[in-house]
Amino acid sequence: RGLYFEEFQVGQQVTTPARTITEGDIVAFAGLTGDYNSIHTDAVYSATTPFGQRVAHGLLVTSIVSGLATRTGVMEGTVLAFREIVEWKFSKPVFIGDTVHAVLTVEETKPLARLGGGAITLALEVRNQSGETVMRGRWIALMQSRP
């Protein structure tokens, strides 16, 4: 079971498991969203760009990070809703074969008694296998209070 709202403390950090981005991830995401932009799906075209290869969809990696955050277990059975992406910056490209993980830091807690819990603001840093930050931002989630 995950943490209840009252168990989150400002400054608390959680590191997610890591996951390698595959060509299959990109193909599946393109099919799901309809985003077949050549920078993601055309190896020949992508070789001519400043990146020199296909780049994973930014929203694909953001979605994967959401799953990685869930895998930590801290929100298992206690999250009420994913409320907001306050800000999100794509700093560096993520390529096929890159392995990403995220560091989540609790920035703020705000009780919301009418919802039976509260809001937590999480600062996220998404890092690749070299420790470089590839994305960062802040998310707000609504968490249940302890029964």
Side-chain angles (χ1 to χ4, degrees), residues 1-41 46 49-51 53-147:
R1 187 126 180 118
L3 300 177
Y4 290 100
F5 169 73
E6 295 80 7
E7 296 175 290
F8 287 94
Q9 301 298 319
V10 172
Q12 179 180 0
Q13 282 194 332
V14 176
T15 300
T16 72
R19 186 180 183 298
T20 301
I21 307 302
T22 68
E23 181 176 23
D25 294 330
I26 292 171
V27 171
F29 192 79
L32 179 67
T33 63
D35 181 353
Y36 289 97
N37 189 302
S38 296
I39 193 69
H40 308 303
T41 60
S46 297
T49 70
F51 300 116
Q53 60 183 304
R54 287 174 285 171
V55 175
H57 302 76
L59 293 177
L60 164 64
V61 179
T62 303
S63 297
I64 286 172
V65 168
S66 175
L68 293 175
T70 300
R71 287 181 54 200
T72 67
V74 298
M75 297 184 207
E76 184 67 36
T78 55
V79 67
L80 295 169
F82 179 47
R83 185 175 194 180
E84 187 174 353
I85 296 176
V86 180
E87 58 187 48
W88 199 250
K89 182 175 181 171
F90 303 96
S91 305
K92 292 186 179 242
V94 174
F95 301 113
I96 295 169
D98 280 354
T99 299
V100 297
H101 73 279
V103 177
L104 291 66
T105 304
V106 178
E107 279 194 340
E108 181 181 3
T109 61
K110 179 180 177 185
L112 298 168
R114 64 183 166 71
L115 295 177
I120 60 167
T121 301
L122 299 169
L124 281 84
E125 268 196 43
V126 182
R127 299 177 184 159
N128 65 16
Q129 66 279 358
S130 300
E132 301 169 311
T133 299
V134 296
M135 297 178 186
R136 77 180 83 212
R138 293 171 44 231
W139 292 357
I140 298 175
L142 300 179
M143 304 301 298
Q144 289 179 0
S145 278
R146 182 179 295 285

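Throughout, numbering of the chain's residues begins at 1 and tracks the sequence. Any value given below was found using the heavy atoms of this structure, including those in side chains, with hydrogens, waters and symmetry copies removed.
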Under 3.5 Å, is there a donor-acceptor pair between the side chain of Thr78 and the main chain of Leu3? yes
Pairs satisfying ring pair (Phe, Tyr, Trp, His ring centres under 6.0 Å), at least one member in residues 112-147, at least two apart: Phe82-Trp139, Trp88-Trp139
Tell me if a side-chain donor or acceptor on Ser66 pairs with a main-chain N or O of Thr62 at a distance below 3.5 Å. no
Tell me whether Thr133 contacts the main-chain N or O of Arg127 through its side chain, where contact means a donor paired with an acceptor under 3.5 Å. no
Working to the nearest 0.5 Å, report the span between CD1 of Ile64 and NE2 of His57. 11.0 Å
Taking only residues two or more places apart in sequence or in another chain, which ones pass salt bridge (charged side-chain N to carboxylate O under 4.0 Å, His left out) with Glu84? none
Just so I know, are the side chains of Val55 and Phe95 near enough to count as touching, which here means a heavy-atom distance under 4.5 Å? yes
Testing Asn128, Val100, Val126, Leu124 one by one against Met135 for a side chain to side chain contact (heavy atoms under 4.5 Å, CB included), which residue passes? Val126
Check step by step if side chain to side chain contact (heavy atoms under 4.5 Å, CB included) holds for Thr72 and Leu68. CA-CA 7 Å; Thr72 67; Leu68 293 175; over 6 Å; no
Less than 4.5 Å apart, side chain to side chain, heavy atoms only: is that true for Phe29 and Leu59? yes
Looking at residues at least two apart in the chain, or sitting in another chain, which of them share a salt bridge (charged side-chain N to carboxylate O under 4.0 Å, His left out) with Arg71? none
Got a second to check how far Arg83's CZ is from Leu115's CG, nearest 0.5 Å? 7.0 Å
If you apply the rule salt bridge (charged side-chain N to carboxylate O under 4.0 Å, His left out), what do you find for Glu6 with Arg146, and how did you get there? CA-CA 7 Å; Glu6 295 80 7; Arg146 182 179 295 285; 5.4 Å; no
Above 12 or not: heavy atoms from other molecules or residues under 6.0 Å from CD of Glu76? no
Apply side chain to side chain contact (heavy atoms under 4.5 Å, CB included) to Thr20 and list each qualifying residue two or more places apart in sequence or on a separate chain. Thr99
Any side-chain heavy atom of Ile96 sitting closer than 4.5 Å to one from Gln53? no
Does any pair with a residue in residues 108-123 pass side chain to side chain donor-acceptor pair (under 3.5 Å), and if so which ones, sequence neighbours excluded? none
Side chain to side chain, Thr16 and Val65, heavy atoms closer than 4.5 Å: no
So which pairs with a foot in residues 21-37 pass side chain to side chain donor-acceptor pair (under 3.5 Å), sequence neighbours left out? Arg19-Asp25, Thr22-Asp25, Glu23-Arg54
